[in-house]
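Predicted model only: the values in this text are computed from it and were never measured. Computed from heavy atoms alone, side chains included, the values below leave out hydrogens, waters and symmetry copies.
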Amino acid sequence: METRVIEIDPQNIDMALLRQAAEVINNRGLVAFPTETVYGLGADALDSKAVSGIFQAKKRPLDDPLIVHISTMKELEDLASDVPDIVYKLADRFWPGPLTMVLKKSDRVPDIVTTGLDTVAIRMPSHPIASRFIDMCACPLAAPSANLFSKPSPTTAMHVLQDLEGNVDMILDGGATYIGVESTVIDVSSGPVKVLRPGGVSVEELTSLVGPVEVLSEGAVMERTPGKYPRHYSPNAKVLVVEYGYDQFEKATQAAETLASRGASVGIMASKEHEDLYQGNVKVLGPANDGRICASRLFSILREFDSEKVNYIIAEGIPEKGLGRAVMNRIRKAAGSEEKAEEDMSDMAI
């Protein structure tokens with residue numbers, strides 16, 4: 001399969017180009033497109049055969065459910081059943097935007113999309129290309145991140161091409177995404193709001209609207225949300241996490257020196273505050289207290305280190321507030337889970 005890459009200006013969208021992409025979708029093809037979070041790999045969410053192509057292209061396990069992207073509230077009501085009132089309150093505040101809501105599904109949603117669950121994850125993206133593209137397709141789009149399964153999510157069209165060239169029909173190149181981590185996933189199918197995955201909408205923003213929310217542990221979400229696997233967003237290099245704290249630089253330096261003494265090639269993903277303290281291959285994630293900048297750079301940095309073929313990435317943690325919570329969720333998953341991250345760092349303390 002030849003993959004076509006089509007450049008589209010999000011500020012001046014060529015609707016004829018979107019129409020070409022919509023024709024691919026309507027013919028059961030796959031199109032990667034930019035959202036405000038990361039690039040998504042889209043197929044007609046109501047067509048089981050089309051959706052199966054997503055799993056094949058990404059090499060994604062068939063038990064990992066997909067998010068369905070919509071452009072109107074009418075589509076939400078077609079895809080979900082027993083929609084609680086709080087959904088409309090949340091949609092009024094956060095849609096279009098980086099919030100995914102898990103609801104009881106309607107009979108219209110194929111089982112392959114939800115991997116047999118009785119719930120469906122739905123979001124309405126705010127990126128102008130994504131919104132108009134879904135509209136043009138005249139169907140909701142199942143669209144996980146447009147990368148190989150478990151690899152860092154793509155924030156540029158080039159990232160998509162690196163992973164999926166030859167396995168996707170078309171890529172809409174709308175430039176770099178501006179949030180850089182995936183949407184927040186919340187369960188609103190029953191009871192209080194539960195955060196299954198932190199993302200582009202912060203826990204603090206949710207709380208300000210609906211009151212206290214429950215942030216579920218990694219183990220509690222294993223069967224309920226997209227991106228559920230403990231190791232995810234992972235580069236080829238081994239990731240070691242140095243948690244945020246007063247002795248962070250010292251611990252990271254010790255780990256780097258230990259690994260270098262063993263002949264390993266090491267990259268350090270550091271906060272802006274520590275940029276000038278390290279020697280060697282250092283890339284700046286952003287100011288420690290600016291989760292939005294850190295989120296926008298995270299996946300690109302992991303991919304840059306892979307292109308340089310480093311063996312290890314030592315990743316400084318940042319405070320878990322605002323978007324920092326989502327950043328740390330992705331960093332720990334890149335390391336293979338919080339428990340694995342702690343175990344690996346303890347091995348460096350020699």
Side-chain angles (χ1 to χ4, degrees), residues 36-38 98 152-153 155-156 159 176-182 184 198-205 215 233-235 237-261 264-308 310-350:
E36 68 275 20
T37 57
V38 299
S153 295
T155 56
T156 68
H159 295 162
T177 64
Y178 44 88
I179 293 179
V181 294
E182 297 81 0
T184 299
V201 172
S202 71
V203 170
E204 292 87 345
E205 288 174 304
V215 181
Y233 319 109
S234 302
K238 177 68 180 176
V239 177
L240 301 175
V241 185
V242 185
E243 296 293 339
Y244 184 75
Y246 73 94
D247 58 350
Q248 185 179 47
F249 167 70
E250 289 76 11
K251 287 181 177 178
T253 299
Q254 180 183 25
E257 290 174 351
T258 299
L259 291 167
S261 72
S265 172
V266 181
I268 299 174
M269 185 166 66
S271 65
K272 178 68 176 175
E273 292 81 355
H274 292 166
E275 176 182 11
D276 297 328
L277 299 180
Y278 291 107
Q279 296 180 349
N281 187 357
V282 181
K283 300 187 191 299
V284 176
L285 184 62
N289 285 299
D290 194 330
R292 293 205 169 270
I293 289 180
C294 293
S296 70
R297 295 179 179 176
L298 173 61
F299 290 135
S300 286
I301 289 176
L302 295 180
R303 284 178 175 269
E304 285 174 26
F305 277 130
D306 263 358
S307 71
E308 295 164 4
V310 303
N311 305 122
Y312 289 87
I313 300 169
I314 297 174
E316 287 193 344
I318 64 172
E320 294 188 64
K321 57 184 181 181
L323 218 57
R325 185 191 296 266
V327 171
M328 289 309 301
N329 170 270
R330 304 313 190 270
I331 290 176
R332 292 187 185 117
K333 282 203 166 190
S337 80
E338 185 170 352
E339 293 77 12
K340 190 70 170 65
E342 291 176 357
E343 177 186 327
D344 289 339
M345 274 308 299
S346 68
D347 289 344
M348 295 297 105
I350 62 173

> Do Ser300 and His159 have side-chain heavy atoms sitting under 4.5 Å apart?
Replying inline: yes
>> When you compare the side chain of Met328 with that of Ile318, does any pair of heavy atoms fall below 4.5 Å?
In response: yes
> In this structure, are over 12 heavy atoms from other groups packed under 6.0 Å from Tyr244 atom OH?
Replying inline: no
>> For the CG atom of Leu302 and the CG atom of Leu285, what is their distance to the nearest 0.5 Å?
In response: 9.0 Å
> Do you know which two heavy atoms are closest between Gly291 and Val327, and how far apart they sit?
Replying inline: O-CG2, 3.9 Å
>> Set out, in order, the CA-CA distance, both residues' side-chain angles and the distance that settles side-chain contact (heavy atoms from CB on, under 4.5 Å) for Thr184 and Glu205, then state yes or no.
In response: CA-CA 11 Å; Thr184 299; Glu205 288 174 304; over 6 Å; no
> Does the side chain of Ser153 come within less than 4.5 Å of Val181's, by heavy atoms?
Replying inline: no
> Under the 3.5 angstrom rule, does the side chain of Glu275 hit a backbone N or O of Val284 as a donor-acceptor pair?
Replying inline: no
>> How close do Gly199 and Leu323 get, counting heavy atoms only, and between which atoms?
In response: O-CD1, 2.9 Å
> With sequence neighbours left out, what residues match Glu308 under side-chain contact (heavy atoms from CB on, under 4.5 Å)?
Replying inline: Asn281, Lys283, Phe305, Val310
>> Would the distance check show the side chain of Glu204 and the main-chain N or O of Gly322 forming a donor-acceptor pair, the cut-off being under 3.5 Å?
In response: yes
> Can you name the nearest heavy-atom pair linking Ser234 to Ala334, along with the distance?
Replying inline: OG-O, 3.3 Å
> Is Glu182 salt-bridged to Arg330, going by a charged N under 4.0 Å from an acidic O?
Replying inline: yes
> How about Glu243 and Arg332: do any of their side-chain heavy atoms sit closer than 4.5 Å?
Replying inline: yes
>> Please check: side-chain N/O of Ser296 versus main-chain N/O of Ile293, any donor-acceptor pairing under 3.5 Å?
In response: yes
> Side-chain contact, heavy-atom cut-off 4.5 Å: Pro235 with Arg303?
Replying inline: no
> Taking the side chain from Thr177 and the backbone from Thr37, do they hold a donor-acceptor pair closer than 3.5 Å?
Replying inline: yes
> Once you round to the nearest 0.5 Å, how far does NZ of Lys251 lie from CD of Glu316?
Replying inline: 12.0 Å
> Can you check side-chain contact (heavy atoms from CB on, under 4.5 Å) on Ile314 and Leu259, steps first, answer last?
Replying inline: CA-CA 10 Å; Ile314 297 174; Leu259 291 167; 4.3 Å; yes
> Rounded to the nearest 0.5 Å, what separation is found between the CG atom of Leu277 and the OG1 atom of Thr253?
Replying inline: 8.0 Å
> For the atom pair OH (Tyr178) and CD (Glu36), what is the distance rounded to the nearest 0.5 Å?
Replying inline: 5.0 Å
> Nearest heavy-atom pair of Asn329 and Pro198: which atoms, and what distance?
Replying inline: CB-CG, 3.6 Å
> Do Ile331 and Met269 come within less than 4.5 Å of each other through their side chains, counting heavy atoms only?
Replying inline: yes
> For Ala237 and Asp306, which heavy atoms make the closest approach, and how far apart are they?
Replying inline: N-OD1, 3.2 Å
